[in-house]
Amino acid sequence: MAYTRHHHATLDPGRAILVAERAGRSRPTIRYACELGFGQGLSLAIHSSASDTEWWGVDVLPQHVEFARSLIDDPRARERVVCANFEQFDSRDDLPCFDFIALHGVWSWVSAQNRARIAAFIDRRLAPNGIVYLGYNALPGWGPVLSLRELLVATASQANSARLEDRIEAALGFAARVVASNPRILDSQPAFERQLREIRSKKKSYLAHEYFNRDWHPMHFSQVAAELAPLGLSYLGQADFSDSYDQWRLTEGQRELLATVEDSLLRETARDVILDRRFRRDYWVRSEGAPVSSSYSRLETRLWIAPALRSVDTTTPAEVTKWLASLGAPGSIVTRSIETTAEHAALGYALGQGLVELAREPTETQVNKAAVAKINRRILDRVFEDREMSVLASHLSGSGVELGWWTLALLAAMRVDESVDAVIHRVLAQAEQLGIALSRQGFALTLEETGNELRARHAALLAQRNVINGSFAI
Ligand SMILES: C[S@@+](CC[C@H](N)C(=O)[O-])C[C@H]1O[C@@H](n2cnc3c(N)ncnc32)[C@H](O)[C@@H]1O
């Protein structure tokens, strides 16, 4: 069953470069990159089209490869999107030495044997000082779900139907009956029931890969570090900026406690327990004597202030809002020096929330403008039949920008309809067909509220038409 379509900003080499510089290392050059197990390949297609990094990728499912290729215009870049398993891919004799090898949602979803193959691939193919990105299901956060997942997989394997969707349904139904019997596990692991309720609302295609995969091995950070150490990989830093601003995520006591821990591996392990983390996104560097410092180095950054299509919400800390305002108008690109702890925290928060993006040098951006125009046209062409389309590529950042399905649908409708009424009518009709509803704070909006919200967003798009067109080459 094909996986869901996502773009992960953490797969953007630009982020890895920032984290390396923030850790006090000299700026790495990432010329060749590779994504292992790219799923539907939305990230791969965007990064390969929007930047001058030569991207390669492999996935074993033909429908995944077909989708990724369908978005990429350049025939040579399409050829580098390979349908094979890890072992077959590694046996090719035309692969470059990679500066960046990335895996999101793969490491903890494959067998120990396949992990060993991935490790052998990294060992053979990663350049000295090269960076590995790993996003994986982590412990302790997933601990309470281990038993639920065993129950689901055992039921699914017994079910009569050959269709995976039916077996998933049968497994969810049986697990619900187990919960209804008031089992003792609910005393020690209340998350068992909550998790079951949560996943019953998820799409089968997501559940198939997330829970019903043959292999599912959430891991502790220290275990991953131990598996990567023989490859010469040391921890470089978190890739997920939205998880890096401890000022606002941890209590003062927790921060003081972590500040006393010198060793970065122990610090991360303790932080995972404090946050009960269930997913980690990290960069690892192949270098001896890699940094272990807990403080960040001074950075020179080029930042692109996101077009004002999403409002800075009320949960954004006042310090971040103030810092953002000091950068410049939405849509502009500025160079800023990031020095103090407060500036690092504000940058982390803003990047994590998509309030700013990393901007490339102007000389670099023109090269990819035509390819970005093509991939964005293909994405917009798909919007009305695909509710998972929510990202556009940008040559300004070399990556994708999350705008949400509704904004993409408005942009797609604005290509054909002139009047605001016609645009909104078209978007509402397509949303109904796809079964999508706008919601605010978890509550679905009424038709009238939806219409008003779309009118406001349409006006914002019109007001920023030049910025949008320039940012996404549309
Ligand atoms: C959980 S999905 C994650 C997909 C994608 N990275 C994402 O996050 O959207 C795992 C992916 O790994 C691929 N995969 C699993 N085993 C593989 C193997 N042995 N060789 C190549 N790809 C594999 C699957 O086809 C699937 O696309």
Side-chain angles (χ1 to χ4, degrees), residues 2-7 40 42 67 71 165 168-169 172 176 194 196-207 210 242 306-316 321 330-331 353-355 375-394 400-469 471-472 474:
Y3 197 52
T4 45
R5 287 178 271 278
H6 309 282
H7 171 262
Q40 296 270 5
L42 186 58
F67 177 77
L71 291 179
E165 289 95 326
I168 292 175
E169 200 52 57
L172 293 174
R194 198 178 54 240
L196 177 63
R197 228 179 324 127
E198 219 171 82
I199 68 177
R200 290 195 81 173
S201 64
K202 298 263 195 280
K203 282 195 221 161
K204 300 281 187 308
S205 56
Y206 167 78
L207 295 180
E210 181 68 55
S242 66
L309 299 175
R310 272 182 299 169
S311 49
V312 174
D313 63 28
T314 49
T315 57
T316 304
T321 313
Q353 300 295 322
L355 302 172
I375 189 170
N376 284 343
R377 194 173 315 133
R378 290 174 192 189
I379 290 173
L380 290 180
D381 286 347
R382 292 187 65 95
V383 166
F384 291 147
E385 66 205 44
D386 188 342
R387 55 188 291 173
E388 289 176 344
M389 292 291 104
S390 62
V391 175
L392 288 180
S394 176
V401 178
E402 181 68 43
L403 296 169
W405 183 86
W406 293 91
T407 297
L408 261 57
L410 284 168
L411 288 171
M414 285 160 79
R415 296 190 304 182
V416 279
D417 296 312
E418 284 288 319
S419 79
V420 55
D421 287 336
V423 166
I424 288 172
H425 179 76
R426 189 183 292 271
V427 170
L428 285 175
Q430 298 301 333
E432 194 182 350
Q433 231 172 48
L434 292 174
I436 312 177
L438 254 184
S439 60
R440 197 176 293 141
Q441 289 161 351
F443 295 100
L445 300 189
T446 63
L447 194 60
E448 192 187 341
E449 287 167 337
T450 305
N452 291 340
E453 176 68 24
L454 290 181
R455 242 165 245 283
R457 293 192 192 190
H458 180 266
L461 285 174
L462 274 187
Q464 298 193 65
R465 190 160 222 164
N466 289 341
V467 172
I468 306 277
N469 292 355
S471 306
F472 303 109
I474 52 176

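- Here the CG-CE distance, from L42 to M389, works out to 5.0 Å after rounding to the nearest 0.5 Å.
- Distance CD1/I468 to OG1/T407: 8.0 Å, rounded to 0.5 Å.
- The side chain to side chain donor-acceptor pair (under 3.5 Å) check on N469 picks up nothing, with sequence neighbours excluded.
- Put simply, the side chain of E449 does not reach to within 4.5 Å of the side chain of F443, judged on heavy atoms.
- Between R415 and V423, every side-chain heavy-atom pair lies at or beyond the 4.5 Å cut-off.
- Side-chain contact check for V383 versus Q430: every heavy-atom pair is 4.5 Å or farther apart.
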Derivation of the side chain to side chain contact (heavy atoms under 4.5 Å, CB included) call for T316 and Q353: CA-CA 9 Å; T316 304; Q353 300 295 322; 5.9 Å; no
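- Contact detail for G354 and A306: the closest heavy-atom pair is O-CB, 3.6 Å.
- Shown here is H6, whose NE2 atom has more than 12 heavy atoms of other residues, nucleotides or ligands within 6.0 Å.
- The distance from the CD atom of E432 to the CG atom of L447 is 8.5 Å, given to the nearest 0.5 Å.
- Salt-bridge check for E453 with R457: passed, with a basic side-chain N closer than 4.0 Å to an acidic carboxylate O.
- Looking only at side-chain heavy atoms (C-beta outward), H458 and V427 stay at 4.5 Å or farther from each other.
- For the pair F384/Q433, no side-chain contact is recorded, criterion being any heavy-atom separation below 4.5 Å from C-beta on.
- Taking the side chain as every heavy atom from C-beta outward, I199 and L172 approach each other to under 4.5 Å.
- Two residues are said to be in side-chain contact when any heavy atoms from C-beta on lie closer than 4.5 Å; Q40 and L71 fail this criterion.
- More than 12 heavy atoms of other residues, nucleotides or ligands lie within 6.0 Å of CD in E385, so this atom counts as buried by the packing criterion.
- Remark: the backbone N or O of F472 is paired with a side-chain donor or acceptor of N376 at under 3.5 angstrom.
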Trace of the side chain to side chain contact (heavy atoms under 4.5 Å, CB included) decision for L392 with L411: CA-CA 11 Å; L392 288 180; L411 288 171; 4.0 Å; yes
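- With W405 contributing its side chain and E388 its backbone, the two residues share no donor-acceptor pair below 3.5 Å.
- To the nearest 0.5 Å, atom OG1 of residue T450 and atom CG of residue L445 are 4.5 Å apart.
- Between G400 and H7, the shortest heavy-atom contact is N-NE2, 3.3 Å.
- Atom CZ of R455 has more than 12 heavy atoms from other residues, nucleotides or ligands within 6.0 Å.
- Side-chain contact between L462 and V420 is absent, with no heavy atoms from C-beta onward closer than 4.5 Å.
- When atom types are taken as modelled, the side chain of R387 and the backbone of L434 share a donor-acceptor pair closer than 3.5 angstrom.
- Note that CG of L355 and OG1 of T321 are 8.5 Å apart. Values are rounded to the nearest 0.5 Å.
- L438 contributes atom CG, which lies 11.0 Å from atom CG of N452 (distance to the nearest 0.5 angstrom).
- Between the side chain of S390 and the backbone N or O of E402 there is no donor-acceptor pair closer than 3.5 Å.
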